[in-house]
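Heavy-atom basis, side chains included; hydrogens, waters and symmetry copies ignored.
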Amino acid sequence: MSQATQATAFVCPSLPENAFATDVLAGLGHTPKSLPSVWLYDQRGSELFEEITGLDEYYQTRTETALLGECAAAIADVVGPDAIVVEFGSGSSRKTPQLLDALVTPRAYVPVDIAGDFFDDAVATLARRCPGIPMLPVRADFTRPFHLPPQLQDTQGPRLGFFPGSTIGNFAPGQAAAFLAHVGKMLGPHRRMVVGVDACKDPAVLLPAYDDARGVTAQFDLNVLARINRELDGDLPLDAFRHEARFNAAASRIEMHLVAQRPFQANVLGHRFIFMTGESVHTENSYKYGQTEFRALANSAGWDVERVWLDARSRFAIYLLRPANGG
């Protein structure tokens with residue numbers, strides 16, 4: 001494998017060029033209306049999410065960052081030297097240096113994301129921060145099957161999947177299990193997986209994290225409509241929607257919705273959609289897991305929980321997974 005510190009992003013051929021349009025037309029045409037959360041993260045959406053992570057209400061990022069600082073050395077001891085680190089939905093890669101610094105002579109870092117220029121800038125920043133580690137970025141929608149860079153085809157040794165940020169909660173449980181199973185096959189026999197998981201807790205703590213007082217999360221949610229207008233020739237009236245966070249106790253999840261405030265019609269790529277007052281576009285889920293529930297989920301996907309770390313208030317957990325039954 002080349003020792004160059006950064007490569008041009010490998011664009012996964014399994015990512016359809018018209019995936020955004022396909023998902024939007026299907027989601028707005030469905031009852032109830034919905035949009036996959038992955039499309040929230042264009043350049044502006046990614047910038048807004050980074051702002052969200054610094055808000056007082058959004059406890060997840062600062063809690064996980066502190067927790068990762070406490071457990072990174074233990075993770076490195078288990079994984080061993082010369083690991084290839086694959087991060088799914090890498091975003092800003094803000095937490096990644098904590099892990100890379102703890103690992104012994106990591107062979108490569110493979111960030112996987114769909115966010116365009118924001119992704120490229122994040123990888124370039126990390127390459128300067130960790131100049132001795134080859135960077136092999138992959139531009140792909142990690143929620144769909146994709147391939148790792150061809151440079152890794154013949155490499156051996158340990159591989160460590162890294163999935164922080166409680167992003168696993170954006171999947172429905174069945175989808176989360178399918179994702180973890182796919183990741184296990186992709187990483188191969190000498191694999192481990194680090195997953196950040198938001199724990200179950202009082203809705204009084206959860207809801208403000210997804211509907212902050214400054215309205216940044218509302219901007220983040222509404223931005224997907226602006227993206228549709230810009231990229232798909234849409235005329236959705238942004239002022240006709242408001243952001244709403246809901247706690248679904250039966251499903252143990254937070255839901256984000258864009259709720260129509262009046263009846264109207266809108267067009268996207270020549271397709272007409274009718275909205276009624278109070279009708280919502282469901283844009284994101286964030287499932288919360290207790291330890292028993294997440295262990296069961298991991299087991300169903302071919303993983304065992306090797307270690308788990310909780311913060312002092314039991315708000316957030318970091319799980320280290322290993323292949324079930326020794327792989």
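Side-chain contact of Gln43 with Glu47: a donor-acceptor pair under 3.5 Å is present, judged by distance alone.
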Pair Asp42-Asn223, side chain to side chain donor-acceptor pair (under 3.5 Å): steps then yes or no: CA-CA 9 Å; Asp42 65 346; Asn223 177 70; 2.8 Å; yes

Test log, rule side-chain contact (heavy atoms from CB on, under 4.5 Å), inputs Gln219 and Leu222: CA-CA 5 Å; Gln219 294 179 56; Leu222 287 161; 5.9 Å; no

Check against side-chain contact (heavy atoms from CB on, under 4.5 Å), Phe171 and Asn285: CA-CA 7 Å; Phe171 295 99; Asn285 289 319; over 6 Å; no

CA sep, side-chain torsions, deciding dist, call: Arg159, Arg192, side-chain contact (heavy atoms from CB on, under 4.5 Å): CA-CA 7 Å; Arg159 294 188 179 186; Arg192 291 293 193 281; over 6 Å; no

Test side-chain contact (heavy atoms from CB on, under 4.5 Å) applied to Phe119 and Tyr41, step by step: CA-CA 10 Å; Phe119 176 47; Tyr41 296 89; over 6 Å; no

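Proximity of Phe88 to Thr167: side-chain heavy atoms (C-beta onward) are nowhere separated by under 4.5 Å. Taking the side chain as every heavy atom from C-beta outward, Ser93 and Tyr109 approach each other to under 4.5 Å. Taking the side chain as every heavy atom from C-beta outward, Ile168 and Gln175 never approach each other to under 4.5 Å. No side-chain heavy atom of Val86 sits under 4.5 Å from any side-chain heavy atom of Leu160. Side-chain contact between Glu87 and Phe163 is absent, with no heavy-atom pair separated by less than 4.5 Å. Side chains of Phe146 and Met186 form a contact here, defined as non-hydrogen atoms less than 4.5 Å apart. Using a 4.5 Å cut-off on side-chain heavy atoms (C-beta onward), Val195 and Phe294 make contact. No side-chain heavy atom of Pro263 sits under 4.5 Å from any side-chain heavy atom of Phe275.
Looking only at distances, no side-chain donor or acceptor of Asp311 sits under 3.5 Å from a matching main-chain atom of Thr63. With hydrogens and angles disregarded, a donor-acceptor distance shorter than 3.5 Å links the side chain of Arg191 to the backbone of Gly188. No donor-acceptor distance shorter than 3.5 angstrom exists from the side chain of Thr65 to the backbone of Arg62, with no hydrogens or angles considered. Not one N or O on the side chain of Asn18 forms a donor-acceptor pair closer than 3.5 Å with the backbone of Thr22. Between the side chain of Asp198 and the backbone N or O of Lys288, no donor-acceptor pair lies under 3.5 Å. Arg242 contributes no side-chain N or O that, together with a main-chain N or O of Ala260, makes up a donor-acceptor pair within less than 3.5 Å. Under the 3.5 Å distance criterion, the side-chain polar atoms of Asp304 are left unmatched by any main-chain donor or acceptor of Glu306. Using modelled atom types, no side-chain atom of Asp212 and backbone atom of Glu57 make a donor-acceptor pair closer than 3.5 Å. Counting only distance, with no hydrogens or angles, the side chain of Ser252 and the backbone of Tyr287 share no donor-acceptor pair below 3.5 Å. Arg272 places no side-chain N or O within 3.5 Å of a backbone atom of Val268 that could act as its donor or acceptor partner.
The line from CG of Asn325 to CH2 of Trp303 is 13.5 Å long, rounded to the nearest 0.5 Å. Of the inter-residue distances, the one linking Leu187 atom CG with Leu321 atom CG reads 10.5 Å to the nearest 0.5 angstrom. Remark: Met135 CE to Thr125 OG1 distance equals 10.5 Å, nearest 0.5 Å. Separating the CD1 atom in Ile274 from the NZ atom in Lys33 is a distance of 8.0 Å, to the nearest 0.5 Å. For the atom pair OG1 (Thr217) and CG (Asp211), the distance works out to 6.5 Å, reported to the nearest 0.5 Å. Once rounded to the nearest 0.5 Å, the distance linking CG of Leu68 with CD1 of Ile75 reads 6.0 Å.
Within a 6.0 Å sphere centred on CD of Gln156, other residues, nucleotides and ligands contribute 12 heavy atoms or fewer. Around the CZ atom of Arg230, the shell of radius 6.0 Å holds more than 12 heavy atoms that belong to other residues, nucleotides or ligands.
Geometrically, Arg307 does not engage Tyr319 in a cation-pi contact, judged by NZ or CZ lying under 6.0 Å from the ring centre and within 45° of the ring axis. Phe179 does not carry Arg144 over the face of its six-membered ring by the limits of under 6.0 Å from the centre and within 45° of the normal.
Cluster membership check: Leu100 does not share its hydrophobic cluster with Val104, using side-chain heavy-atom separations under 4.5 Å among Ile, Leu, Val, Met, Phe, Trp and Tyr. Met193 and Leu310 are members of different hydrophobic clusters when ILVMFWY side chains are connected at heavy-atom separations under 4.5 Å. Leu126 and Phe118 fall into different hydrophobic clusters, defined by Ile, Leu, Val, Met, Phe, Trp and Tyr side-chain heavy atoms under 4.5 Å apart, directly or through other members.
In this structure, Val259 and Gly278 approach most closely via the heavy-atom pair CG1-O, 3.7 Å. In plain terms, the two heavy atoms of Pro36 and Asp23 that are nearest each other are CG-OD2, 3.7 Å. Heavy atoms only, all atoms of each residue included: Asn170 and Ser37 are closest at CB-OG, 4.1 Å. Nearest heavy-atom pair, Ala108 versus Leu136, reported as atom, atom and distance to 0.1 Å: CB-CD1, 4.2 Å. Contact between Val308 and Arg295 at its shortest, heavy atoms only, is CG1-NH2, 3.9 Å. A pairwise comparison of heavy atoms in Val224 and Trp39 identifies CG2-O, 3.7 Å as the closest pair.
Looking at residues two or more places apart in sequence or on another chain, you find a side chain to side chain donor-acceptor pair (under 3.5 Å) between Ser280 and His257. Residues passing the ring-ring contact (aromatic ring centres under 6.0 Å, His included) test with Phe247, sequence neighbours excluded: none. Here Arg94 pairs with Glu50, Thr53, Thr61, Ser92 under the side chain to side chain contact (heavy atoms under 4.5 Å, CB included) rule; sequence neighbours left out.
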